[in-house]
**Student:** 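If you scroll down you'll find the structure; I have some questions about it.
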Amino acid sequence: MIRVIYRILLLLSLVILASCSGTGTKTSLLYNEVNTEKTKIFIKRSTGLAGVAVLIKVKLNDTILGELGENEAFTAIPKVGFNTLRASFAIKSFLAASHGVNSFEIKEGENLFFVIKQDMGVIRNKLKIYNVDKTNFFMD
């Protein structure tokens, strides 16, 4: 019986650890990508301790870009003009959280920076996507 409990705990621990790593990278590794002439958006997750073990799925115009763990970031190439960025927890029922949406317009050769944050409530949590400047994006 004790062996079964240990195996369950080990399996649960492995699942939690595996769910923490997303497809993003550390923010500092993206700094060199700012100096290109390409039109890009930079997206970073900074949701704090609550929800740290659950990945956030990020979509650009209904195309999945990837999943972010805590303090991970990535870049994407949007279409010039109007775009919609969406963020939601990969596990639908996690903390009764609602997804975040940010619609934006981007010009040719422009870089925009976004940070995904979590607003904690008593019953419901909400992901929000904020436009930030380059300096705030690369602060850790």
Side-chain angles (χ1 to χ4, degrees):
M1 181 66 170
I2 293 178
R3 280 185 167 176
V4 173
I5 293 173
Y6 283 130
R7 287 182 181 171
I8 291 172
L9 289 175
L10 178 64
L11 181 62
L12 184 62
S13 299
L14 290 174
V15 168
I16 289 172
L17 286 175
S19 69
C20 293
S21 59
T23 55
T25 185
K26 291 294 177 193
T27 308
S28 59
L29 297 176
L30 300 177
Y31 192 78
N32 290 335
E33 293 192 39
V34 174
N35 299 324
T36 65
E37 307 252 338
K38 293 181 181 177
T39 306
K40 284 189 177 184
I41 60 171
F42 293 76
I43 305 131
K44 175 172 84 171
R45 175 185 174 173
S46 181
T47 54
L49 292 177
V52 83
V54 179
L55 297 175
I56 291 179
K57 185 184 335 178
V58 181
K59 292 182 179 181
L60 176 63
N61 301 323
D62 294 323
T63 301
I64 296 173
L65 298 176
E67 294 180 335
L68 291 174
E70 182 61 24
N71 289 322
E72 288 184 339
F74 51 67
T75 64
I77 299 174
K79 65 181 182 182
V80 174
F82 288 97
N83 294 271
T84 302
L85 190 62
R86 297 179 189 278
S88 60
F89 283 104
I91 298 175
K92 299 259 186 229
S93 64
F94 180 71
L95 295 176
S98 63
H99 64 276
V101 178
N102 188 318
S103 296
F104 62 93
E105 183 177 9
I106 192 165
K107 297 174 186 152
E108 183 72 38
E110 185 177 21
N111 289 330
L112 293 179
F113 302 89
F114 299 93
V115 175
I116 300 169
K117 294 195 175 269
Q118 180 179 358
D119 288 348
M120 299 290 290
V122 175
I123 297 174
R124 188 171 187 109
N125 299 306
K126 187 171 189 172
L127 290 175
K128 290 192 177 180
I129 305 170
Y130 295 97
N131 292 59
V132 296
D133 62 12
K134 181 173 117 176
T135 304
N136 285 330
F137 183 84
F138 287 103
M139 284 184 359
D140 282 332

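We number each residue from 1, following the sequence as shown. Only this structure's heavy atoms are used, side chains among them; waters, hydrogens and symmetry mates stay out.
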**Student:** Closest heavy-atom contact between M139 and K44?
**Tutor:** O-NZ, 3.0 Å

**Student:** Go through the structure and list residues passing side chain to side chain contact (heavy atoms under 4.5 Å, CB included) with K128, not counting sequence neighbours.
**Tutor:** D119, K126, Y130

**Student:** Shortest non-hydrogen contact from L55 to E67?
**Tutor:** CD1-OE1, 3.2 Å

**Student:** Just list the side-chain donor-acceptor pairs under 3.5 Å for residues 73-86, sequence neighbours left out, or say none.
**Tutor:**
| from | atom 1 | to | atom 2 | distance (Å) |
| --- | --- | --- | --- | --- |
| T75 | OG1 | E33 | OE1 | 3.1 |
| N83 | OD1 | N61 | ND2 | 2.7 |
| N83 | OD1 | K79 | N | 3.4 |
| N83 | ND2 | K79 | O | 2.8 |
| N83 | ND2 | G81 | O | 3.1 |

**Student:** Rounded to the nearest 0.5 Å, what separation is found between the CD atom of E70 and the OG atom of S46?
**Tutor:** 5.5 Å

**Student:** Quick check: closest heavy atoms across I116 and A87, and the distance to 0.1 Å?
**Tutor:** CD1-CB, 3.8 Å

**Student:** Do the rings of F138 and F113 sit parallel, tilted or perpendicular, given the 30° and 60° boundaries?
**Tutor:** perpendicular

**Student:** How many angstroms lie between atom CG of N111 and atom CD of E37, to the nearest 0.5 angstrom?
**Tutor:** 10.0 Å

**Student:** Taking the side chain as every heavy atom from C-beta outward, state whether L112 and F42 have any atom pair closer than 4.5 Å.
**Tutor:** no

**Student:** Quick check: do N136 and V115 have side-chain heavy atoms less than 4.5 Å from each other?
**Tutor:** no

**Student:** Which heavy-atom pair separates I43 from F137 by the least distance, and what is that distance?
**Tutor:** C-CE1, 3.8 Å

**Student:** Can you check whether F89 reaches I56 side chain to side chain, under 4.5 Å on heavy atoms?
**Tutor:** yes

**Student:** Could you check if a side-chain atom of H99 sits within less than 4.5 angstrom of a side-chain atom of L127, using non-hydrogen atoms only?
**Tutor:** no

**Student:** How close do K57 and I64 get, heavy atom to heavy atom, and via which atoms?
**Tutor:** CD-CD1, 3.9 Å

